[in-house]
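What's counted below: heavy atoms across the whole structure, side chains too, no hydrogens, waters or symmetry copies. Because the structure is predicted, anything quoted here is derived from the model rather than measured. By convention in this document, chain letters (A, B, ...) are assigned in the order of the sequence lines, proteins followed by strands, and residues within each chain are numbered from 1.
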Amino acid sequence: MAEDFDNVNIEDLEAKDTARKIPLGWLILFWGLILWGIYYLAMYSPVISGWTQEKAYEESVTK
Amino acid sequence: MAGELYRKPIMFAIVATVVILVGTIVTMFYPMFTEGMHPKLDNLKPYTALQLAGKDIYMREGCNNCHTQTVRPLKTEVMRYGEYSKAGEFAYDRPFLWGSKRTGPDLARIGGKYPDAWHYQHFENPQAFFAQSNMPKYGWLKDRKLDPAVSESHMKVNGFPYTAEDIGGLAAKSELDALVAYMQVIGTAVAKKVAPAAAAAAEERNPLEGDERAHERGEVVYKQYCDACHGDDGKGGIGPSLTDTTWLNKEGDIGDGRIYEIIANGTPNGMPPYANQLDKDKIWSLVSYIRHEQHKNK
Amino acid sequence: MHDYQYDHQTVKGFIVSSIFWGVVGIVVGLWISIQMWKPELNIPPYFTFGRMRVVHTNGLAIGLGIGAIFGISYYIVMRLARRPLLFPKLARFHLYLFNAAVALAALSLFAGMNQTLEYAELEWPLDIGVVILWVMFAVNVFGTIIKRKEEQMYISLWYIIATVIAVAILYIVNNLAVPAGMTKSYPVFAGVNSANVQWWYGHNAVGFIFTTPILAMFYYFLPKSTGLPIYSHRLSIVAFWSLVFAYLWTGAHHLVYTPLPDWIQTLAIVFTLFLIAPSWGSVVNGYYTVGSDWSKMQTNYLTKFFIMGITFYGLQTVQGPTQAIRVVSQLIHYTDWVPGHVHMGTMGWVTMTTAASIYHIIPKIYNTEIYSIKVANTHFWLVLIGQLMFSITMWITGIQQGALWKATNADGSLKYTFMEGLAKNYPFWQLRTVAGVIFTVGMLFFIYNIYMTIRKGRALAASQA
Ligand code: HEM
Ligand code: HEM
């Protein structure tokens, strides 16, 4: 019977490498999340900002 | 150039492995060699043979699917369960048992909260304590004996110290005994804190005195929180009778303020503190109720 | 008989086995969902919630999930390599061993042999079995790819290769333990460290079992069944590498506000948020692919399965990162919100995409058409409704629970006891069981459809012989 591995054409499954640009919205998301990550890392890393969850707790109970 | 990679499966696999290993090394492998990952509190003790057997049963029955064992450093959570969990409490847990779902309450501070008898009866029939509880009954564990030989091998693998008597003594114990022993040791390496809010009440008189309805309101609260231990109408059960004049094993009546304080802060003998669950008015209404029942008894 | 037809029998064997284990897992799921509001359904020792919940998760993750992944990956690998499997006999043996292992796994979990590491509950003898199964899979996948007849490796193969490597590393490290008898062991890691290793494993088990192999299916079967090429190859490349890079950093988002050192938590949260980008790379690619011809949604019954699947993947990968942020975690961690999240992923994305792939494969193997598109559509709508109802009820009750736990009176004392909070879950838990029944009925339509297609295919083959 004719069922075979023939009919897969990889070029058909994926558009040509350079044919399509990456959508701008996605690039903004990508770089935006990296920037946000740097900010968050700075805010919540004990060695950078001094924030620790223990200190945050102490503050929440004394207030 | 880069296109080549997608034609060379072995090269591709190597690159993928390296990419996968970066985060693995930074967040999982490297920390293993830092002190922060292996802390141990000074007064943390290895499990005894009985406690370890209980912990094994906890794991076998999958209690961790409904109960967590870590209190987060959040205000209301500390109020509900007790002091937040410290890294140094878990050095003997292989593996950790923090869990990830609280279908039931957190157990990180369950040790010493209730007397043993409470646990036995609660395992037997959780619904007798909390009518709406969905916890399965575990009374059947009391018909299953421990196997000392198995326990000994488990102690050895963990490297916990034990004596021949410890192991020999297990033969007479049931799985339920072991589970209760385990319950009572969880979280005890960290000292309990007395809730400061309640301490001040000791000298006070009951502000609800003269309020005719106060004891009725108190009765409602009593049925919900207290009667599982102190029995119907305060007649006693797991906990002592509240209608006689013996308090904390001493003959002689005590003041309203003192009763308030016991309810609010609990006692070292297994009466849990209620200051964070019941507001002042509810606690005083309980005092009214207890006095009311005392009078009926005279 | 051609070699590849023999291999197709193995593929079909995996598919049928995974469906079988799926039914077992779902029935157990229904049972435990009832136990949560009707504790009388706990029948000790074997049928209590604590033991059955792990049968449910393992049965579906290993039995349904990995079973389907084995079978469908073999199919994809053969197609994209344009040749039969390199070791067909090994693959057949792999199938038998897989079923034996899952059966033993289920029995051992009912018997309470449980390491209590989430998604790594199996005790050490079975762990060895799982590793052997995985090596067999790896040998065939790599062997077939290396000896392929098509030069270029298509995206799906990248994801399959990453899956094979990552799962091997994850599974072996997290299960390192010292045996204490045949049915018990103690991990080599203790305390905080064991928590960190476990969730490095746990989150990536989700990442490399419920995500990458399913994406491999998505990238292969979406273009195959619609005839539309994937929108952007470049986006696929960036999304792939950033996904497999970032995933491994994120495990500690399961340990927010635990005693785990703050820096590991923070780093995990940062990478978790970043994961939105690579995940949405695939979502965008999927949408734009079908976007070139939306009429496929109507003319091709499988398109909506894939588009709905990738939509839930997209929602899942926004919701997951949001859960990791500290303020959100405070509220929803430990509540029923999380099972709501989980089942949107497992029912909406994994099961949806896998079922659609199976709809594509089974008729291809038998050289026929699907038995009934109508039945497939009924299946689609029922599982969709069941899943949405499941997730939405759990999200509501999860937020409510989180809020009740935090609520305080004017004088600062807690407003609700734990029990008062629990009691408010009951109506939602009951609705969840109803949702589960609807989902299950949907799955029965699916099974019926596959069964009838196989029957039709057999009859056809017999008439031609
Ligand atoms: C009829 C369908 C289903 C029902 C009724 C059901 C029910 C449940 C219940 C009651 C739980 C426990 C939740 C808790 O502890 O609060 C659960 C957990 C889980 N289920 Fe399902 N389930 C179903 C389908 C599925 C499917 C198809 C999968 C996977 C392919 C799955 C994977 C899981 C996982 C991974 C968990 C663990 C979640 C966690 O740890 O947070 N379930 N399920
Ligand atoms: C970028 C993607 C994702 C991220 C960042 C993510 C994040 C998270 C987070 C933070 C939790 C813990 C919630 C808590 O307990 O507070 C969680 C739980 C979970 N997620 Fe996701 N999620 C993602 C996608 C998925 C997908 C696609 C699935 C597939 C089915 C999934 C399945 C699960 C499961 C099974 C759990 C429960 C684990 C447990 O506690 O047993 N997630 N996820």
Side-chain angles (χ1 to χ4, degrees), chain B residues 6-7 9 12-13 16-17 19-20 22-24 27-28 31-32 36-38 59-66 68 70 72-74 76 79-80 85-87 90-98 100-103 105 130 132-136 140 150 153-154 157-158 275-280, chain C residues 36-37 39 42 44 48-51 53-54 112 114 116-118 145-146 151-153 161-162 165-166 178 180-181 186-187 189-198 200 241 244-245 248-249 252 254 257-259 261 264 267-268 330 334 338 405-406 408-409 411 413-414 417-419 422-423:
Chain B
Y6 308 101
R7 304 211 174 91
F12 183 93
T17 309
V19 169
I20 286 168
V22 180
T24 299
T27 63
M28 187 278 280
M32 278 193 206
M37 296 306 260
H38 308 280
M59 292 168 64
R60 185 188 72 199
E61 296 309 324
C63 308
N64 60 305
N65 285 307
C66 288
T68 55
T70 175
R72 298 178 289 178
L74 301 172
T76 45
M79 284 164 67
R80 187 179 297 279
S85 294
K86 308 288 186 282
F90 307 98
Y92 295 115
D93 287 351
R94 288 168 59 186
F96 77 117
L97 290 170
W98 296 348
S100 52
K101 175 83 205 296
R102 278 185 191 149
T103 299
F130 309 103
Q132 290 177 301
S133 171
N134 61 353
M135 173 157 156
W140 55 278
V150 169
S153 76
H154 291 184
V157 170
N158 279 281
N276 288 326
Q277 294 176 46
L278 302 174
D279 59 20
K280 277 196 177 141
Chain C
M36 289 186 75
W37 49 271
N42 285 286
T48 53
F49 183 88
R51 293 193 186 186
R53 191 188 195 272
V54 295
N114 179 344
T116 61
L117 295 167
E118 268 182 80
I145 291 178
I146 289 169
E151 216 194 343
Q152 184 82 7
M153 290 193 296
I161 291 174
I165 297 169
V178 184
Y186 293 93
F189 310 113
V192 182
N193 192 34
S194 94
N196 195 40
V197 176
Q198 153 60 24
W200 161 80
W241 289 108
V244 296
F245 176 72
L248 283 297
W249 298 70
H254 288 264
Y257 284 118
T258 65
I264 304 182
L267 206 54
Q330 274 187 21
Y334 304 134
V338 180
W405 290 348
K406 284 172 87 131
T408 51
N409 293 308
D411 69 353
S413 59
L414 295 173
T417 62
F418 187 86
M419 208 35 71
L422 174 82

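Contact annotation for B/V157: only side-chain heavy atoms (C-beta onward) come within less than 4.5 Å of a heavy atom of chain C. With a 4.5 angstrom heavy-atom cutoff, B/K101 touches chain C via backbone and side-chain atoms both. Contacts of C/V338 with chain B are absent, with no heavy-atom separation under 4.5 Å from either backbone or side chain. Contact of B/H154 with chain C is made through backbone and side chain together, with heavy-atom distances under 4.5 Å. Residue C/I146 touches chain B through both its backbone and its side chain, counting heavy-atom pairs closer than 4.5 Å. Proximity to chain C (any heavy atom under 4.5 Å) is restricted, for B/C66, to the side chain, taken from C-beta onward. Heavy-atom distances place the side chain of C/N42, and not its backbone, under 4.5 Å from chain B. Proximity to chain C is limited to the side chain of B/N64, based on heavy atoms less than 4.5 angstrom apart. Heavy-atom distances place the side chain of C/T408, and not its backbone, under 4.5 Å from chain B. Both the backbone and the side chain of C/R51 have a heavy atom closer than 4.5 Å to some heavy atom of chain B.
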**Asked** Under the side chain to side chain contact (heavy atoms under 4.5 Å, CB included) criterion, do B/M59 and C/N114 qualify, and how do the steps go?
**Response** CA-CA 7 Å; B/M59 292 168 64; C/N114 179 344; 5.9 Å; no

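The shortest side-chain heavy-atom distance between B/R94 and C/P187 falls under the 4.5 Å cut-off. A heavy-atom distance below 4.5 Å is found between the side chains of C/L117 and B/F96. Within the 4.5 Å cutoff, the side chain of C/S194 has no heavy atoms near those of the B/D93 side chain.
Proximity of the aromatic rings of B/W98 and C/Y257 is defined here by a centroid distance below 6.0 angstrom, and this criterion is not met.
Side chain to side chain, C/W405 and B/T76 fail the donor-acceptor criterion of an N or O pair below 3.5 Å.
With respect to chain B, the highest number of heavy-atom pairs below 4.5 Å among C/P261, C/A195, C/G181 belongs to C/A195.
Considering only residues two or more places apart in sequence or on other chains, B/W140 meets the side-chain hydrogen bond (donor to acceptor under 3.5 Å, both in side chains) condition with none of them. Among residues two or more places apart in sequence or in another chain, the ring pair (Phe, Tyr, Trp, His ring centres under 6.0 Å) test is passed with C/W249 by C/F245, C/F271.
Ring geometry, C/W241 versus B/Y6: the interplanar angle falls from 30° to 60°, so the pair is classed tilted.
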